[in-house]
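Below: the structure, in structure tokens.
Computed over heavy atoms, backbone and side chain alike; hydrogens, waters and symmetry mates excluded.
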Amino acid sequence: MEKKLAEYKCNTNEVIKLKLVRFPEDIDDDSTTFGPEFSHQLFGDDEVAFGYKGLQILLYYSAGNLSTMFRVHYSSKVDDKFDGVQADDVESKIREIIPPGFCQGTDDFVSLLEKEVNFKPFGPIIHTYTVYNEEAGEEITYQIHKADLTCPGFREYHERLQTFLMWFIETASYIDVDDDRWDFFLVFEKYNKDGTTLFATVGYMTVYNYYVYPDKTRPRVSQMLVLPPFQGEGHGAQLLETVHRYYVSSPNILDVTAEDPSENFVRLRDFVLAKLCQDLPCFSTEKLLEGFSQEMVTEAQQKLKINKQHARRVYEILRLRATDMSDPEKSRAYRLEVKKRLVGPYKKNQREMAKMRQCLKPEELTNQMNQIDLKTQHDQLEESYQELVSEYRRTVERLAQA
């Protein structure tokens, strides 16, 4: 019985089929289909749907307006085979995250595709750029727009757009769009269909403007997503740099930060901020080799809205680029400079040990000493340094290609 029931378990990351559709022929083209990275928010930590064989959960979106077709297919269901055993209600789970107004039939969806010609991006254009597409053999134009809820139709569009977060951001949650401190930045691709220019959704970013006493604002990146068909083409860097440049022009902005950034976002931010800072006079090779300075902190903050912590990280990246690491003396100087920052938490431990010596009995102190082993700390510090330099090298390589 148990073995037979196991046949009705499906990996939800494999059975959910997502698609961004431009042309009717895309609907049956498997090459345009992509799957989620995560589905635990709807289907639990195991990311499993029980009760079906041949399960397929179709979520197809029109490329621009994101008009949605949602359908569930399966070859057999456990309810039909076993008494008292119920299948998961996968349809209800999906309905929890997609807004009403979707269609379920292909003909209806094709009708929605025909209306894509009327779709126009929301809000003013704040940046335009091109990317060479090898497959098409031509430059493709992209536009970044800043939108808000006063744009007609944007609220409904955003409700459809944010459904992608559940599949591609591990700790995603929906935001309260009625709070007017949110800024929305959207990326669109311009493409041609029967001689008409249409727009496809590429990705987006949400930024929340926090108040900083007495008269400043700190924009904090909350969500950022480039949709899978467009990943690896540099759109994330274009978007983040554009957003930074947008806020730089405002005198009341203190700095731009990010909420609980992922490792991938930190890598992206390292590249973008280093690219922005490399042209500042205080980050010249000569100044970099003199060490991290208050001048760097001030110039990065005033000219690029970059805070001290991020300016320090940019300094370490650009100094690595400026350092001949094959020279033992220069390599050692760089290593000591970076470890000087990394050693902070370990020095804190040493201060705690000094307090313990004054307060604890000998046997209690011995127990604590065993937990804070200096050799282990040294090894951990070296490991942290090597991991950091490895990340920095990737950023330096990307800067060389930019």
Side-chain angles (χ1 to χ4, degrees), residues 17-34 58-71 98-99 101-165 167-168 184-206 224-236 238-239 242:
K17 310 293 183 183
L18 303 167
K19 197 185 287 278
L20 293 164
V21 181
R22 301 186 183 195
F23 310 103
E25 51 267 33
D26 293 341
I27 295 172
D28 296 319
D29 182 356
D30 290 341
S31 70
T32 63
T33 305
F34 55 97
L58 308 183
L59 273 170
Y60 294 177
Y61 297 80
S62 63
N65 195 42
L66 303 180
S67 302
T68 312
M69 181 179 78
F70 166 49
R71 237 176 20 216
I98 61 173
F102 58 85
C103 66
Q104 294 184 293
T106 302
D107 290 344
D108 290 337
F109 187 59
V110 170
S111 296
L112 292 172
L113 287 180
E114 293 171 358
K115 297 177 182 177
E116 283 284 283
V117 68
N118 301 317
F119 173 74
K120 296 292 181 284
F122 303 95
I125 300 173
I126 59 172
H127 182 54
T128 300
Y129 62 99
T130 59
V131 175
Y132 182 76
N133 184 290
E134 290 187 10
E135 189 177 331
E138 62 181 358
E139 296 279 343
I140 307 295
T141 300
Y142 297 88
Q143 297 175 178
I144 298 178
H145 294 244
K146 182 181 180 294
D148 58 47
L149 291 176
T150 64
C151 302
F154 176 69
R155 177 189 292 271
E156 294 76 16
Y157 167 85
H158 178 262
E159 287 178 356
R160 298 188 291 274
L161 176 59
Q162 70 179 349
T163 61
F164 286 98
L165 297 177
W167 311 125
F168 298 103
F184 301 86
F185 299 89
L186 309 165
V187 187
F188 295 96
E189 176 193 330
K190 291 174 72 173
Y191 71 98
N192 189 282
K193 182 177 180 181
D194 300 328
T196 303
T197 299
L198 276 74
F199 296 88
T201 299
V202 172
Y204 81 118
M205 178 190 289
T206 59
M224 180 177 178
L225 178 65
V226 173
L227 297 173
F230 303 96
Q231 290 176 4
E233 299 177 354
H235 301 295
Q238 288 280 356
L239 178 55
T242 299

Value for CD (Glu189) from CG (Asn133), rounded to nearest 0.5 Å, stands at 7.5 Å
Separation between CG (Leu227) and OH (Tyr204), nearest 0.5 Å, reads 9.0 Å
CG of Leu18 to CZ of Phe164, rounded to nearest 0.5 Å, is 6.5 Å
Looking only at heavy atoms, the pair that brings Ile27 and Tyr60 closest together is O-CE1, 3.8 Å
Less than 4.5 Å apart, side chain to side chain, heavy atoms only: is that true for Thr106 and Pro24? no
Separation between NZ (Lys190) and CG (Leu198), nearest 0.5 Å, reads 11.5 Å
Exercise for review: Taking the side chain as every heavy atom from C-beta outward, state whether Thr141 and Thr128 have any pair of such atoms under 4.5 Å apart.
Suggested key: yes
key: Donor-acceptor contact present, side-chain Thr68 to main-chain Leu66, <3.5 Å   = yes
| query | Can Arg22 be said to sit on top of Tyr191's aromatic six-ring, NZ or CZ under 6.0 Å from centre and within 45° of the ring axis? | reply | yes
Inset, instruction - Evaluate the criterion side chain to side chain contact (heavy atoms under 4.5 Å, CB included) for residue pair Leu239 and Ile144; output intermediate values, then yes/no. - result: CA-CA 7 Å; Leu239 178 55; Ile144 298 178; 4.0 Å; yes
**Request:** In sequence, state the C-alpha distance, the side-chain angles, and the governing distance for Phe185 and Thr242, and then conclude on side chain to side chain contact (heavy atoms under 4.5 Å, CB included).
**Result:** CA-CA 9 Å; Phe185 299 89; Thr242 299; 5.9 Å; no
To the nearest 0.5 Å, atom NZ of Lys19 lies from atom OG of Ser31 at 7.0 Å
| query | Should the heavy atoms of other residues, nucleotides or ligands under 6.0 Å from NZ of Lys115 be counted, would the total exceed 12? | reply | no
Heavy-atom nearest pair, Gly123 first then Cys151, reads N-SG, 3.7 Å
In this structure, CD of Glu139 is separated from OH of Tyr132 (nearest 0.5 Å) by 8.0 Å
Report task. Ignoring hydrogens and angles, tell me if any N or O in the side chain of Glu116 forms a donor-acceptor pair with the backbone of Gly64 under 3.5 Å. Result -> yes
Correct closest heavy-atom pair for Pro121 and Gln143 would be CG-NE2, 4.4 Å
Going by atom types only, do Thr201 and Tyr61 share a side-chain donor-acceptor pair under 3.5 Å?
no
| task | Test Leu59 against Phe102 for side chain to side chain contact (heavy atoms under 4.5 Å, CB included), laying out the working first. | result | CA-CA 10 Å; Leu59 273 170; Phe102 58 85; over 6 Å; no
Verify, without hydrogens or angle tests, whether Ser67 (side chain) and Leu112 (backbone) share a donor-acceptor contact under 3.5 angstrom. no
Query raised in the report: Does Lys193 use its side chain to pair, donor to acceptor, with the backbone of Val117 at less than 3.5 Å?
Result: no
Shortest non-hydrogen pair, Asn192 vs Phe23, comes out as O-CZ, 4.3 Å
For Glu159, the side chain to side chain donor-acceptor pair (under 3.5 Å) test, sequence neighbours excluded, returns none
Hey, can you pull the donor-acceptor pairs under 3.5 Å for the side chains in residues 229-236, sequence neighbours left out?
residue	atom	partner	partner atom	Å
Gln231	NE2	Val226	O	2.7
Glu233	OE1	His235	NE2	2.8
His235	ND1	Tyr129	OH	2.7

- prompt: Gln238 and Val187: side chain to side chain contact (heavy atoms under 4.5 Å, CB included), yes or no, with the steps?
  reply: CA-CA 9 Å; Gln238 288 280 356; Val187 187; over 6 Å; no
Ring pair (Phe, Tyr, Trp, His ring centres under 6.0 Å) test vs Phe184 passes for just one of Phe154, Phe122, Tyr157, namely Phe154
